[in-house]
Every structure is written in C-alpha cells, then in structure tokens.
Protein chains: 2
Amino acid sequence: MPTPKPVPESGQRFSCAVELTLEVIGGKWATVVLAHLKEGAHRYGALRRRIPGVSEKVLVQRLRGLEARGLIERRSDGGRPPEVEYRLTEEGLSLVPVLEALYVWGEQYAARTGVRIELPD
Amino acid sequence: MPTPKPVPESGQRFSCAVELTLEVIGGKWATVVLAHLKEGAHRYGALRRRIPGVSEKVLVQRLRGLEARGLIERRSDGGRPPEVEYRLTEEGLSLVPVLEALYVWGEQYAARTGVRIELPD
DNA sequence: CTGAATCCGATTGGATACTG
DNA sequence: CAGTATCCAATCGGATTCAG
C-alpha cells in the first residue's frame, strides 16, 4: 500500500488510535459517502440521490476532503455535459472493514429498535 | 439483547444504515470514550487522564448522552469523596466490533504515516 | 473526586440561487 | 450534469470558575 499524502495536522496529539481514525473519517457524512463508494464507482448525481440528507455544499466539501486525504479518486471526462465519477483508492479500500462494521451495526440496531431505513432509487 | 430505550429523533429519515450508526455514536469523542470502556470499567478521573484532549464539559456531555442511549452504565457508591465508575452495558458491548475496526485502522494508518500515538499513564 | 455552570469562539451544516 | 457562491442557523467544543 502506498503511503498516503497528508498526515493529520502536525502539532496535534493523539492519545488513542480511535482519535486518529476519527480525525480522518470523522464528521457526519464522510463515512456515509465512503460506504456508498465501497459498492463501486458512483457519479456525483448518483451520490446525491443516494444521500438525500446531505446538502450539495457539504457533499462537495466531503468529496474534496476525502480526495485530498487520498481515500477517493475523482475522474472527469471533461466533456459537456460533464461526467464525473468517484471511486475508492487503494488507501480508501483499507477502510472497508470499518465501513462494514458501521453498516452492520446500524442494520442490527435498526432491527432492534424498529427504525426504518428507506433507500432511495 | 434487551431493546434499548431512546430511538433516534422520530421524524428523521435514514437512507443508509451507516447514517443511523453515526446518529448514535457520531461526534468527535463518543467512540473514543467507548473504546476505552471496552477495555473494562473506568472511573471518571481515569477517563480524563486517558483522554487528555477532551474538555470536562464535553466529556460529561458524552457520558450523559451515552448513558441515555443505554450504551454505558454509571455506578456511584454515593460516598465522600465520590467514586464513580462507567462501564459498557450489554447494548454497548454490541459495538465492540465497530470499536475494534476503528482502533485497528487507526493503528495501521499511524504506522503507515508515521503519526505518533502517545498514551498517557 | 466528580462533576455543574457559564461564556464564548470555532466548526459544521443547511437553503437557495446561480453557472459553464 | 456537476458543481459554486452566499448567507445564516445550529451544533460542537474549549477555558474557566464554582460546588458538594
């Protein structure tokens, strides 16, 4: 696995490995985006439809942030109308076990509590 | 496993199981607290020393929130000076695979990037 | 020792309108 | 189609002080 680019803000202290992980994939939507990309490459519009709860601004912020961290890759064909795809990088693929764990727990919690998860599409 | 108490805010919509998980254990410090309690019961002061990056206010907020969600239990002996212990509930124990995944990824990322994790104590 | 209370700034998130 | 640009609200988080 190639070494990823940007190490978290130097000068920061981490007292637990979980703190570091959260520094990289924390926030309300980063893991949701990654969980969808785990299923394969998605176009921008497809991500929007699959994550209706996030605003465009925040979605783009997350995509740019994850790209800067080397977890996802953006591919544009440069045509008109534009066609842009996002996919996990090799580095991003290393997160699959984390994303799986988050997904499985959510499913089980939903089943236990009766919370409904309504998939778009 | 007993059904936990408070289902996330009714009226909210979840389009992916990961969104639901994040609703329950999202935020900057919740998983860090849980990861320490995964190793066994801790007194309040011990948690503070192990998580030097969090302020007292936020630590107490997280402890109260996780308690309300039924993920941790607070036990006080009522003496003076007081002695309070926190531990994972059965419900909280269901999160262990998630916490493990977050921890393992953080350790590997630290090794790849050279980030140092400095344990207190 | 285990908190509660207060004040405040920083960060995040959301609605809407606009563009190549 | 895939974004930008603004403006604003809400939440999160930090430092400090006080208390039983």
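Here is how names work: the chains are called A, B, and so on, in the same order as the sequence lines, proteins then strands, and each is numbered from 1.
- Atom pair B:Y86:OH and C:dC1:P shows a separation of 14 Å (rounding to whole Å applied).
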Item to check | Verdict with supporting geometry, A:Q61 and A:W29, side chain to side chain contact (heavy atoms under 4.5 Å, CB included) | outcome: CA-CA 10 Å; A:Q61 279 180 351; A:W29 297 108; over 6 Å; no
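- The residues A:E91 and A:R69 are annotated as not salt-bridged, no charged nitrogen and carboxylate oxygen being separated by less than 4.0 angstrom.
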Next on the checklist: Walk along nucleotides 10-20 of chain C from 5' to 3' and tag each nucleotide B, S or - by protein heavy-atom contact under 4.0 Å, base first, then sugar-phosphate.
Outcome noted: ---BBB----B
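- By the side-chain hydrogen bond (donor to acceptor under 3.5 Å, both in side chains) test, A:R43 is found to be paired with no residue, residues two or more places apart in sequence or in another chain being considered.
- What separates NE2 of B:H42 from C1' of C:dC1 is a distance of 17 Å, to the nearest Å.
- The salt bridge (Lys or Arg N to Asp or Glu O under 4.0 Å) contacts involving residues 72-81 of chain A comprise A:E73-A:R75, where partners must be two or more places apart or lie in separate chains.
- Residues forming a salt bridge (Lys or Arg N to Asp or Glu O under 4.0 Å) with B:E39 (at least two apart in sequence, or on another chain): none.
- On the nucleic acid side, DNA chain D contacts chain A at distances under 4.0 Å to non-hydrogen atoms, with the end points of that region at D:dC1 to D:dC7.
- The minimum heavy-atom distance between B:L37 and B:Y86, with the atom names listed, is CD2-O, 3.5 Å.
- In this structure, CG on A:L95 lies 9.5 Å from OG1 on A:T31, to the nearest 0.5 angstrom.
- One finds the OG atom of A:S15 at 9.0 Å from the CD1 atom of B:I117 (value rounded to the nearest 0.5 Å).
- Within the model, atoms CD of B:E118 and CZ of A:F14 stand 11.0 Å from one another, a figure rounded to the nearest 0.5 Å.
- Where the helix from C:dC1-D:dG20 to C:dG20-D:dC1 starts and where it ends, the local axes point in directions that differ by 50°; five pairs per end, rounded to 10°.
- Using cut-offs of 30° and 60° on the angle between ring planes, the pair B:H42 and B:H36 is perpendicular.
- Contact annotation: B:R43 side-chain N/O to C:dT2 OP1/OP2 distance is under 4.0 Å.
- We find that OH of B:Y44 is positioned 10 Å from C1' of C:dC1, with the value rounded to whole Å.
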